[in-house]
4 protein chains.
Amino acid sequence: MEFSEKQLEILHVAEKLFATSGFDGTSVRDIAHEAQVNVAMINYYFGSKDKLLDDLFTYRVEKFKMDESILQLTIPVMDILDEMVKSYIKYMNSSLAIYHILAIEAGVKKRLMLSDSYKNLKKHNLNVISSILQKGVDAGEFRSGNDPILIHATMMGTFMNFQMNRSFLKSELNLTTDEEYSQYMESTLVIHLQRTIKALLTYEY
Amino acid sequence: MEFSEKQLEILHVAEKLFATSGFDGTSVRDIAHEAQVNVAMINYYFGSKDKLLDDLFTYRVEKFKMDESILQLTIPVMDILDEMVKSYIKYMNSSLAIYHILAIEAGVKKRLMLSDSYKNLKKHNLNVISSILQKGVDAGEFRSGNDPILIHATMMGTFMNFQMNRSFLKSELNLTTDEEYSQYMESTLVIHLQRTIKALLTYEY
Amino acid sequence: MEFSEKQLEILHVAEKLFATSGFDGTSVRDIAHEAQVNVAMINYYFGSKDKLLDDLFTYRVEKFKMDESILQLTIPVMDILDEMVKSYIKYMNSSLAIYHILAIEAGVKKRLMLSDSYKNLKKHNLNVISSILQKGVDAGEFRSGNDPILIHATMMGTFMNFQMNRSFLKSELNLTTDEEYSQYMESTLVIHLQRTIKALLTYEY
Amino acid sequence: MEFSEKQLEILHVAEKLFATSGFDGTSVRDIAHEAQVNVAMINYYFGSKDKLLDDLFTYRVEKFKMDESILQLTIPVMDILDEMVKSYIKYMNSSLAIYHILAIEAGVKKRLMLSDSYKNLKKHNLNVISSILQKGVDAGEFRSGNDPILIHATMMGTFMNFQMNRSFLKSELNLTTDEEYSQYMESTLVIHLQRTIKALLTYEY
DNA sequence: AATGAATGAGACTTCATTCAT
DNA sequence: TATGAATGAAGTCTCATTCAT
């Protein structure tokens, strides 16, 4: 799907506002005002508020697909794992708005959950993780029997927890700006997750 | 604060509906109808819809306070850790409705985040975790230098991830009923988290 | 169904405006303004604009049921026929507004046509006419083989034609006021219809 | 007035939609879509939605003018009357769409009623009827004192009644298709009206 | 203490029309 | 001549809240 420049602006504004105030908490008027367009234009361009959310999701969903080419890299599987975690967090962090929306609205049953592209995204990412695990088991580096679902939930859940408790954690971690917070996630949090997953995969009980 | 029987019924209904449809997605009329009370009664009892959410939170918040008495148990620190994880997930799972609300609405900046009781809850739980970590380090069982914030984020984030992707994961895990899903979380998920945290705390890089 | 005084006022105003400007041509705002009530009150009382039309119809429909007691009168069947025509036109004329609406909106397929009470009304009236015809045939006064549907269509169609061309016919008939027009219909038009139907029923080809 | 091919297509589509859903119930977008033209083109070609209705009326009005040449036929006046009724119903039936519109929208005061061509049409038709009546009286076949207005109202009203209660009458008369219904009107209904008017004009009270 | 009635504000959406090209 | 883009106005309806009782 192709979006005009105005449409893109609307999408970006909507993304920000949905992330800040939720879908129901954001009015079409708010979006129109912030995007400096006519109220009617949102419906003119997207048909309805619901379809705007759909389009926003479609527009952003590609970003969250894990890059499966890392599987082909001729580097130790441990490094592939590290790379995967790092990229995933980095991508999510770079468009945290849509992820925030996704996390919030996915819970409210009626909406995105039903979306096929959402399911496909999830399945794709689980497959990538699954392949890495298999590669590690084959190389004798990982214990077998680990569930990619649990790995993914740990990685993504921990990240989301940081997103959703931003203001509390910011003060708790003495991080003053959003940039610092962002850097924290891309460094400290990434390392934590890399260590956590690695420990889990190699730990002997 | 003391709530009358009618007030409690309203709170319980509100909890369910907020969890299902979000705060904005639930109207005062919906609550009144489901609780079989007059629409005006919600405002009469709670002042406003916002204050109803506050009261609901206050009413439930105690549940989510980690039990600090486990620190006094004369059992190996490893078992204390296991117990903490197990109880925490169990409590959250037993009142997932409020937790769902909390997770969703906490993200929407204007609301609960500001609440002092929310901050206090978080701080309390971090302190309990911190104490356990210290105990483990003192006993020579845990590596030092672990941040309770990261531990907590991992535990709670992973759990929340299971909450928010319920329908997708249910089908992915071949769990047909909510009871099965609930059992999965209280068994498999708990074990996963226990292992994960333990691995992390003892792993040598 | 019971209507409060305010509801009745709204119904009356709606009746007038629907008759004047059609259903689509009348806005809820118009009704609210003319009835001097809040715009929200229309929905508060009736649920929706569509349901308002339903209720209006239900409220008025009784008026248009032909009085079947005339069948019991011990007078010549010819007089029963005259009486039927006279009463029918008189009743229709006394609440022409709703009849206007009915005629107009019945044509627009989606609406009232489907309503059961509309069908029942029609069937009832056809039955009364049918009974009168039978009585006349039995008495040897009417030819047999007349279809009540055609009789009814003639009577009602002619009346409606006068309703729908009011302003043209008013000037054509040199009637200056609506009262004069109304009187014309209750006298001249009634006589015309009585004669027409009588002629039709007794005429030998 | 001359209409281009595109304009004609628009007119035809508009005619159909107005007849189906009423003037207010039909949007310019609907027309444009069905006619496969740009939305702006309706205004470009016709100036406004209202003027489109005017033009549609002007375009169709000729059809409803009674053919006055029948007055010159050297056949019994009774046959002239029969012919007039037959042709009138046939013409109306052949373009019932516009007639439907006319009947509906003529009632809504603001519009077509004001149109001069509408008045002229009515006057023309009344004159034709009047001439036939006179011819019959002169020939000693009709009673004098009959008002052409009442004759016309009876004929047109009865026909319109069949138009506006199509779906009810279709089921009542066991006619399954629109074609059957159409045939019914051009045969049974025509005969009914011919008999009715003839009876009325010759009946002795 | 409790509630039915009422309402102002604002939600989303559709409309006929205009404008720049 | 023709049209895609854009928009102000208005539509219906729902909302949380208040008020009189």
Side-chain angles (χ1 to χ4, degrees), chain A residues 4-7 10 21 23-33 35-53, chain B residues 4 6-7 10 14 23-33 36-53, chain C residues 4-7 10 21 23-33 35-53, chain D residues 4 6-7 10 14 23-33 36-53:
Chain A
S4 74
E5 219 160 307
K6 277 254 170 84
Q7 281 176 303
I10 293 171
S21 315
F23 180 79
D24 289 321
T26 304
S27 79
V28 174
R29 265 182 180 76
D30 294 338
I31 299 170
H33 181 259
Q36 288 177 299
V37 298
N38 192 283
V39 208
M41 192 176 276
I42 273 88
N43 285 310
Y44 174 64
Y45 274 146
F46 299 97
S48 72
K49 193 188 175 191
D50 274 322
K51 274 205 79 268
L52 169 62
L53 182 60
Chain B
S4 74
K6 278 238 172 105
Q7 282 175 305
I10 293 171
F23 181 79
D24 288 320
T26 303
S27 76
V28 172
R29 263 179 181 70
D30 293 337
I31 300 170
H33 180 260
Q36 290 176 296
V37 299
N38 192 282
V39 210
M41 194 178 268
I42 273 91
N43 281 327
Y44 176 64
Y45 274 147
F46 299 96
S48 74
K49 194 188 175 190
D50 275 324
K51 276 207 77 267
L52 167 62
L53 182 60
Chain C
S4 73
E5 220 160 306
K6 277 252 170 86
Q7 280 176 305
I10 293 171
S21 314
F23 181 79
D24 288 322
T26 304
S27 78
V28 174
R29 266 183 180 73
D30 294 338
I31 299 170
H33 181 260
Q36 289 176 297
V37 297
N38 192 284
V39 208
M41 193 177 276
I42 273 87
N43 285 310
Y44 172 65
Y45 273 147
F46 298 97
S48 74
K49 193 188 174 189
D50 274 322
K51 275 204 79 269
L52 168 61
L53 181 59
Chain D
S4 75
K6 278 241 172 100
Q7 281 175 305
I10 293 171
F23 180 79
D24 288 319
T26 304
S27 79
V28 172
R29 263 180 181 71
D30 293 337
I31 300 170
H33 181 260
Q36 290 177 298
V37 298
N38 191 283
V39 211
M41 193 179 269
I42 273 89
N43 282 327
Y44 176 63
Y45 273 148
F46 299 96
S48 76
K49 193 189 176 190
D50 276 322
K51 274 206 79 267
L52 169 62
L53 182 59

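Within every chain, numbering begins at 1; the chains are lettered A, B, ... in the order of the sequence lines, protein sequences first and strands thereafter. The structure displayed is predicted, hence computed values, not measured ones.
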For this session: Could you tell me whether Thr26(C) contacts a base, only the sugar-phosphate backbone, or nothing, with contacts defined as non-hydrogen atoms closer than 4.0 Å?
Result: sugar-phosphate
For this session: With heavy atoms under 4.0 Å as the rule, sort Tyr45(B) into base, sugar-phosphate or nothing.
Result: sugar-phosphate
Just the rounded figure in Å: distance from [atom2] of [N] to [atom1] of [X].
X: Ile10(C); N: dA5(E); atom1: CD1; atom2: C1'; result: 12 Å
X: Gln7(B); N: dA1(E); atom1: CD; atom2: P; result: 11 Å
X: Met41(A); N: dG4(F); atom1: CE; atom2: P; result: 16 Å
X: Asp24(A); N: dG10(E); atom1: CG; atom2: P; result: 18 Å
X: Lys51(C); N: dC13(F); atom1: NZ; atom2: P; result: 11 Å
X: Lys49(A); N: dC12(E); atom1: NZ; atom2: P; result: 4 Å
X: Phe23(D); N: dC15(E); atom1: CZ; atom2: C1'; result: 12 Å
X: His33(A); N: dG8(F); atom1: NE2; atom2: P; result: 13 Å

For the [atom1] atom of [X] and the [atom2] atom of [Y], what is their distance to the nearest 0.5 Å?
X: Lys6(B); Y: Tyr44(B); atom1: NZ; atom2: OH; result: 11.0 Å
X: Phe46(B); Y: Leu53(B); atom1: CZ; atom2: CG; result: 11.5 Å
X: Ser27(C); Y: Ile42(C); atom1: OG; atom2: CD1; result: 9.5 Å
X: Lys51(B); Y: Ser48(B); atom1: NZ; atom2: OG; result: 6.5 Å
X: Lys49(C); Y: Asp24(C); atom1: NZ; atom2: CG; result: 5.5 Å

Exercise. Does OP1 or OP2 of dG11(F) have a side-chain N or O of Arg29(C) closer than 4.0 Å?
Worked result: yes
For this session: Using only side-chain N and O atoms of Ser27(A), determine if any of them is under 4.0 Å from OP1 or OP2 of dA11(E).
Result: yes
For this session: Decide yes or no for Asp50(D) and Phe23(D): does some side-chain heavy atom of the first lie under 4.5 Å from some side-chain heavy atom of the second?
Result: yes
For this session: Side-chain contact test, heavy atoms from C-beta onward, threshold under 4.5 Å: evaluate it for Leu52(B) versus Val28(B) and give yes or no.
Result: no
Exercise. From dA16(E), dA2(F), dG4(F), pick the nucleotide closest to the side chain of Asn38(D)?
Worked result: dG4(F)
Pairwise N/O distances under 3.5 Å, protein to nucleotides 18-21 of chain E:
none

For this session: Report the residue (Ile42(A) or Val37(C)) whose heavy-atom-nearest nucleotide on DNA chain E is the more 5′ of the two.
Result: Val37(C)
Exercise. Which atom names give the shortest non-hydrogen contact between Asp30(D) and Gly25(D), and what distance separates them?
Worked result: OD2-O, 4.3 Å
Problem set entry | Pairing stems for DNA chain F [at least three consecutive pairs; Watson-Crick or G-U; under 3.5 angstrom] | E:2-21 with F:2-21
